[in-house]
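Worksheet for the structure shown next.
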Amino acid sequence: MRIIAVERHSVMAGCQIIFACPGCGTTFHALQKRTFNVGAKSFSCLVCDKVMHRWHGVYDYVDWHLT
């Protein structure tokens, strides 16, 4: 997983993050937001199905979509 760009909107709105798939290079936008539901999560590429990003902690990545 490569993070290509980070765009911070505000503390409450979160950060727009651009991820590139390490398998096929497809890029995705995701919104990073603080959460109270701590747990291990992951997101897989919609093109090649390779796991792009795994995380655990007080931040979550939502609204994944192709760039």
Side-chain angles (χ1 to χ4, degrees):
M1 180 266 315
R2 293 178 294 165
I3 296 176
I4 296 175
V6 175
E7 181 180 324
R8 182 170 295 281
H9 298 284
S10 72
V11 173
M12 296 305 289
C15 292
Q16 189 74 25
I17 312 288
I18 300 173
F19 293 91
C21 175
C24 66
T26 302
T27 57
F28 294 84
H29 277 113
L31 185 62
Q32 181 191 56
K33 293 186 120 185
R34 192 167 178 101
T35 183
F36 296 102
N37 300 324
V38 177
K41 297 181 182 177
S42 65
F43 180 77
S44 296
C45 179
L46 299 174
V47 176
C48 71
D49 204 35
K50 184 171 182 131
V51 174
M52 286 184 50
H53 188 53
R54 295 178 196 271
W55 66 95
H56 180 274
V58 296
Y59 290 96
D60 196 6
Y61 295 89
V62 296
D63 192 27
W64 286 88
H65 59 276
L66 290 163
T67 55

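A salt bridge (Lys or Arg N to Asp or Glu O under 4.0 Å) check over residues 45-54, counting only residues at least two apart or in different chains, returns nothing.
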Quick one: side chains of residues 35-48, donor-acceptor pairs under 3.5 Å with protein atoms, not counting sequence neighbours, listed by atom name and distance.
| unit_1 | atom_1 | unit_2 | atom_2 | d |
| --- | --- | --- | --- | --- |
| T35 | OG1 | N37 | N | 3.2 |
| K41 | NZ | D60 | OD2 | 2.9 |

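Placement of V58 and Y61 in two distinct hydrophobic clusters is found when ILVMFWY residues are connected by side-chain heavy-atom separations under 4.5 Å, directly or transitively.
Summarising the geometry, atom CZ belonging to F28 is positioned 8.0 Å from atom OG1 belonging to T67; distances are rounded to the nearest 0.5 Å. Annotation: the span from W64 atom CH2 to I17 atom CD1 amounts to 9.0 Å, rounded to 0.5 Å.
Aromatic ring orientation, H53 versus W55: parallel (interplanar angle below 30°, classes split at 30° and 60°).
Under a 3.5 Å cut-off, the side chain of T26 and the backbone N or O of C21 do not form any donor-acceptor pair.
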